[in-house]
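Comments concern the structure below.
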Amino acid sequence: MTARIALVADPDGHGGRLQRLAGDGSPAGPPEQHHDLAAAVAAAEAGEQPRWVWPATDAVYPGLLPQRVARCHDLALVEPLLLGQEGRYGHPRSLGAAWARVKGLPVPEDRPDSGAADSHDQPSLFRPDRHQLPPGTDPLRAVVEVHADQQRRVARLEHPDRMRLLCAAESAGALAAAEMAHDGLPWRADIHDELLTRLLGPRPPAGSRPRLLGELAAEVQRALGGRPFNPDSHAQVLRAFADQGIRLPSTRSWVLKQVDHPAAALMLRYKELSRIHTAHGWAWQENWARGGRFRPEYVVGGVVSGRWASRGGGALQIPRMLRGAVVADPGWSLVVADAAQLEPRVLAALSGDAGLARAAAQGDLYEALAAIAFAGDRARAKLGLLGAMYGQTSGEVGPLLTVLRRRFPAAMAYVEAAARTGEDGGVVRSHLGRICPPPSAPDPAGEPAEAEAAAEPDGDRLLRAARARGRFTRNFVIQASAAEWALALLAALRRRLADIGPDATGGRPHLVFFQHDEVVVHVPTQYADLAAAAVGAAAEEARTLVFGATPVRMPLETHVVDCYADAK
DNA sequence: ATCGTTCGCCAC
DNA sequence: AAACGTGGCGAACGAT
């Protein structure tokens, strides 16, 4: 078993304390004070490569980088997983909160920025304890005891091995997230600028509208009678169309697409370009992509399903139109790999449906599905299966579901059972044991707008809410289990990449992007094929680790490219 | 002025 | 005419 070492960083400076742990989590030695924590960590990494047990990766690890560690146990990420299993979803997760629960003390609420690195704008004596521990509590002792408590709680679960895997994967994800934030995604400002200039016109003074955008706005106004209005204002756009006798329910693009008037197409183009300008234009570049790297902050476990969220810069929404700016450094390449039809494959593995598994044993699941049940019509096969996973009922999906129910009864029963559990107010869990939020949790999913709800009879509102909840739980079991596979892939890949290189200049492949079912590795070109092979091996490892023996394949589409835009 | 909400688009 | 799941984000706009 991998050795474990508890670690806390000193609030200021570079020091910290370590303590070796026995297999049951009890101390296996005295606390050790180190003045150079990164050096102490480096020494252990050069040798036994322990699993570091620490309060929160996003608080500790950035201070250690560029020194990397192989594995960790992130107490603040594991705690919510266990709380969910214990019917205490959403309870505070900080070290101090976990300690308080162990000791029977009042439990402190999480701070909004808990986990994030402390600002050093005031002396440590006057800052509240960053771990939320009571005054005078030894944080190292708290780490040791909370960790031992978590180990005991894992052992009590129905599937402790699955939860151990989930905790390890979640923690490894936190390491990868911190490393990616540290390294950044290669971003060529000059190419970004060219793309923007071609689409919008030359860069305008800050705060004013680019030339082509302004011209487009003027064209829309002319097409709608010539009266000036702000195309960014929904209300004014609706009024301008109404003045031409066109009453629109909203300014959504799918609405505009069905309007037979020249102004509609212009408006659509304006909205498209305006979004590029406001969300990913020059201001974005200055804020987020300086020095040739885009440095977003990933929020591990930030989505209830276990997917990552991001904070700042919209890391998980880089428009396809701008991916040409993501270019490998000279002498380097990008390995871009994304899972093909991950979620239906996960459904096949989860449900054990023989027919769907047969389709998922193929390279193109939808093609195989179409051959089995839809007379070769791939589009309808895809539509139907996506509808089944998202809970869609409207439109042409209904008859497709009937076919799916007949041909893939186990798969359909699986998602429909999850939906029923949700509609009845229950909770569902992912394959490894992540629990979905209970209906009473703050920020409930799918609640209709207040005004709308108020105008609706209670019965209808409750029914609508129950159905929304059913769609949520139906999708949760798949999305959350898919996220587990992706996390396991990320962890395995990260470990495999560490064995490649370095080249003559010390360059090694490293992860630079992760988005739900897709990874990007930046790699010295001489190692690109090795890195690509590592991605494939990691995917296979993840499949076996998470789902065990299953005929379902989870293949990746892998491309070695210079530029992200060339990967699809 | 500042804050919170709504709309609507981006990604998967 | 969006009852298809998860999010982030920015402009407009109304409330304070």
Side-chain angles (χ1 to χ4, degrees), chain A residues 207 209 229-238 247-259 267-268 270-281 283-284 287-288 296-299 301-323 338-339 341-343 347 383-395 397-398 401 415 418-419 422 428 436-437 443 445-452 456 460-461 463-480 482-483 486 513-519 568:
Chain A
R209 192 142 60 183
F229 68 94
N230 180 0
D232 292 321
S233 162
H234 311 133
Q236 292 182 40
V237 170
L238 292 181
R247 297 262 288 267
L248 300 175
S250 76
T251 66
R252 288 187 174 93
S253 60
W254 68 266
V255 171
L256 288 170
K257 274 180 192 131
Q258 294 171 23
V259 174
M267 193 64 220
L268 284 166
Y270 175 87
K271 285 159 77 83
E272 188 181 13
L273 295 183
S274 173
R275 169 152 179 107
I276 294 282
H277 177 239
T278 56
H280 286 93
W284 177 89
N287 281 330
W288 298 106
E297 186 181 346
Y298 294 100
V299 185
V303 180
V304 291
S305 64
R307 294 195 334 183
W308 291 7
S310 70
R311 200 181 297 145
L316 303 181
Q317 314 146 238
I318 301 173
R320 293 180 165 276
M321 223 184 276
L322 295 184
R323 292 184 179 185
D338 75 297
Q341 307 122 15
L342 177 59
E343 294 195 346
L347 172 58
L383 197 65
L385 196 49
L386 290 174
M389 293 190 299
Y390 289 145
Q392 188 176 356
T393 52
S394 61
V397 172
L401 296 181
V415 290
V428 294
C436 82
D443 191 24
E447 203 61 32
E450 286 302 323
E452 198 180 341
E456 204 175 14
D460 290 359
R461 188 174 54 79
L463 188 62
R464 175 202 290 268
R467 290 210 173 122
R469 169 111 189 132
R471 288 192 299 277
F472 167 62
T473 51
R474 170 194 293 263
N475 186 254
F476 180 93
V477 294
I478 301 172
Q479 189 182 110
F513 195 54
F514 172 60
Q515 180 172 238
H516 311 316
D517 62 355
E518 179 180 8
V519 293
K568 282 184 186 170

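Letters A, B, ... are given to chains in the order of the sequence lines, protein chains preceding strands, and every chain is numbered from 1.
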Taking any heavy-atom pair under 4.0 Å as a contact, classify A:Thr251: base, sugar-phosphate, or nothing.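 If one applies the 4.0 Å heavy-atom cut-off, A:Thr251 turns out to touch the sugar-phosphate alone, with no base involved.
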Considering every strand and a 4.0 Å limit on heavy-atom distances, what is the contact class for A:Glu343: base, sugar-phosphate, or nothing? nothing
Are [X] and [N] close enough that a side-chain N or O sits under 4.0 Å from OP1 or OP2?
| X | N | result |
| --- | --- | --- |
| A:Arg471 | C:dG5 | yes |
| A:Ser233 | C:dC13 | yes |
| A:Arg469 | C:dC4 | no |
| A:Ser253 | B:dC9 | yes |
| A:Arg307 | C:dT6 | no |
| A:Ser250 | C:dA2 | no |
| A:Lys271 | B:dC9 | yes |

Sub-3.5 Å donor-acceptor pair from the side chain of A:Arg209 to the main-chain atoms of A:Ser274, do we have one?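 The answer is no, because no donor-acceptor pair under 3.5 Å joins these two groups.
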Is A:Glu297 reaching over with its side chain to a backbone N or O of A:Arg311, donor-acceptor style, under 3.5 angstrom? no
Of A:Ala309 and A:Pro249, the one whose nearest nucleotide on DNA chain C sits closer to the 5' end is A:Pro249
